[in-house]
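Below: one structure, written as structure tokens.
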Number of protein chains: 2
Amino acid sequence: MADSGTPGGETLLFLTDEQLRRGIEAMFFAYRAFTADPDRLLEEHGYGRAHHRALHFINRQSGLTVTTLLALLGVTKQSLNRVLRTLIEDGLVESRVGRRDKRERQLFLTEEGLTLERALSEAQRGRMRSAYRAAGPQAVAGFRQVLEAMMGADLQRIYQQMKEE
Amino acid sequence: MADSGTPGGETLLFLTDEQLRRGIEAMFFAYRAFTADPDRLLEEHGYGRAHHRALHFINRQSGLTVTTLLALLGVTKQSLNRVLRTLIEDGLVESRVGRRDKRERQLFLTEEGLTLERALSEAQRGRMRSAYRAAGPQAVAGFRQVLEAMMGADLQRIYQQMKEE
DNA sequence: TTGGATAGTCAACAAGACTGACTTAAAGTC
DNA sequence: GACTTTAAGTCAGTCTTGTTGACTATCCAA
């Protein structure tokens with residue numbers, strides 16, 4: 001983008017198909033490991049990855065509406081609803097009628113929901129923390145830069161917005 | 001690991017729960033984008049992500065056995081089999097009886113399989129390439145370092161092995 | 001040669017995504 | 001006040017992709 005194709009320069013070094021393929025495979029393997037720890041915990045509770053994602057974002061942005069959560073997760077209403085219903089029935093999530101707009105439902109974690117979210121989050125952070133430690137601060141900065149560039153403009157806007165709330 | 005907890009140093013700067021959470025969210029959003037391009041292509045052909053993964057590794061390591069592929073993908077034999085069967089029926093993959101051990105099946109891509117694999121791979125590499133360009137060589141090195149640390153020792157061994165073949 | 005381990009296949013099932021059609025309630029508009 | 005739009009939720013049905021259990025074929029070793 002800001003890079004004006006320096007011919008033969010180091011820019012080309014890491015853009016061979018082989019290098020790109022290494023990156024693709026690294027993403028595949030790393031993502032699998034990344035979800036493995038919380039997955040184990042979830043299974044003990046009879047939940048799936050979908051429940052984890054819902055808990056994560058409700059915790060992250062307490063009081064968010066169903067539509068907002070939908071946009072963050074990128075799934076359909078029906079798909080989210082099944083997950084949300086079980087979480088509400090099990091007393092992990094509370095759904096209150098919106099204050100300003102009564103059509104909306106605002107979502108909150110209960111004490112129990114918070115407890116599970118923390119356990120899941122801690123399992124995931126543990127792996128992230130040791131990866132960060134092993135790789136060092138400079139690598140971490142690069143890691144985030146590449147991921148942000150990879151997610152594309154639309155997701156980047158959503159991702160950056162969450163920073164400020 | 002090699003890091004001896006420099007108190008107050010820059011090591012601590014990026015290990016706050018907030019920083020770790022940013023990393024977790026970046027992984028989530030980036031992985032979604034990462035799979036989105038091939039997913040579109042796959043849908044046109046009536047395939048899913050599982051078919052993509054199979055094609056990728058069969059291409060990567062032509063003639064590999066079902067068991068080897070199983071280990072790479074980390075799924076059950078039965079799950080892979082359904083995917084593999086459709087690929088064979090559709091003439092994208094060829095399954096030959098193992099030369100040494102007749103119990104084994106060796107897997108190869110046909111011309112048609114190679115064509116689809118290249119299209120999928122190119123869609124995915126496109127995004128990876130522009131992310132790499134945008135972030136720069138140093139960031140890319142860091143990206144890979146963190147992913148490798150994150151995947152853990154077991155997967156790292158598998159991942160590194162593939163390098164040399 | 002018999003018996004156990006390994007490689008792969010077939011069948012049935014469950015989770016979690018999807019689409020489409022519909023209801024209810026509230027908000028906004030003419 | 002009647003009409004339209006929006007937010008949420010529901011019902012029904014499908015698809016992909018994961019699971020377990022039972023089975024066949026082959027290899028190897030006692």
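Values below: all heavy atoms of this structure, side chains included; hydrogens, waters and symmetry mates excluded. In this text the structure is predicted, and so the values were computed from the model without any measurement. Proteins come first, then strands; the chains are lettered A, B, ... in the order of their sequence lines, and each starts at number 1.
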For B/Ala54 and B/Leu87 the tightest heavy-atom approach is CB-CD1, 4.1 Å

Ignoring hydrogens, what is the shortest heavy-atom contact between B/Ala131 and A/Val146? Give both atom names and the distance.
CB-O, 4.0 Å

Kindly write out the residues that satisfy ring-ring contact (aromatic ring centres under 6.0 Å, His included) with A/Tyr31, not counting sequence neighbours, or none if the list is empty.
A/Phe34, B/Tyr31

If the condition is side-chain hydrogen bond (donor to acceptor under 3.5 Å, both in side chains), which residues does B/Arg105 pass it with, not counting sequence neighbours?
none

With respect to the phosphate group of D/dT16, does any side-chain polar atom (N or O) of B/His51 fall under 4.0 Å of OP1 or OP2?
no

What does A/Gly46 touch in the nucleic acid at a heavy-atom separation under 4.0 angstrom: a base, only the sugar-phosphate, or nothing?
nothing

In whole angstroms, how far is the P atom of D/dG9 from the CD atom of A/Glu104?
11 Å

Could you pull out all residues at least two apart from B/Ala50 that satisfy side chain to side chain contact (heavy atoms under 4.5 Å, CB included)?
B/Arg53, B/Val83

Atom pair distance, as rounded to whole Å: NE2 in B/His45 and P in D/dT16:
15 Å

Chain B vs DNA chain C, heavy-atom contacts under 4.0 Å, first-to-last nucleotide span, 5' to 3', is C/dA5 to C/dA11

For A/Thr76, side chain to side chain contact (heavy atoms under 4.5 Å, CB included) partners two or more places apart
A/Gln78, A/Ser79

What pair of heavy atoms forms the shortest contact from B/Gln124 to B/Pro38, and how long is it?
NE2-CG, 3.8 Å

When A/Thr86, A/Asn59, A/Leu55 are each screened for side chain to side chain contact (heavy atoms under 4.5 Å, CB included) with A/Val93, the one that passes is A/Leu55

Rounded to the Å, how far apart are B/Arg105 CZ and D/dC27 C1'?
13 Å

Considering only heavy atoms, which members of residues 64-74 of chain B lie under 4.0 Å from some atom of DNA chain C?
B/Thr65, B/Val66, B/Thr67

Considering residues at least two apart in sequence or located in another chain, which fulfil the side-chain hydrogen bond (donor to acceptor under 3.5 Å, both in side chains) criterion with A/Asp37?
A/Arg40, A/Arg127

Interface with DNA chain D, restricted to residues 77-85 of chain A and to heavy atoms under 4.0 Å:
A/Lys77, A/Gln78, A/Asn81, A/Arg85

Set of residues satisfying side-chain hydrogen bond (donor to acceptor under 3.5 Å, both in side chains) with respect to B/Glu25, sequence neighbours excluded:
A/His56, A/Arg60

Does D/dG18 have its OP1 or OP2 closer than 4.0 Å to a side-chain nitrogen or oxygen of B/Arg53?
yes

Close residues, residues 92-103 of chain B, relative to DNA chain C [heavy-atom separation under 4.0 Å]
B/Arg103

For B/Arg125, which residues count as a side-chain hydrogen bond (donor to acceptor under 3.5 Å, both in side chains) partner, sequence neighbours excluded?
A/Asp17, B/Ser121, B/Glu122

Set of ring-ring contact (aromatic ring centres under 6.0 Å, His included) partners for A/His52, sequence neighbours left out:
none

Would you indicate whether A/Glu43, at its atom CD, is surrounded by more than 12 heavy atoms from other residues, nucleotides or ligands within a distance under 6.0 Å?
no

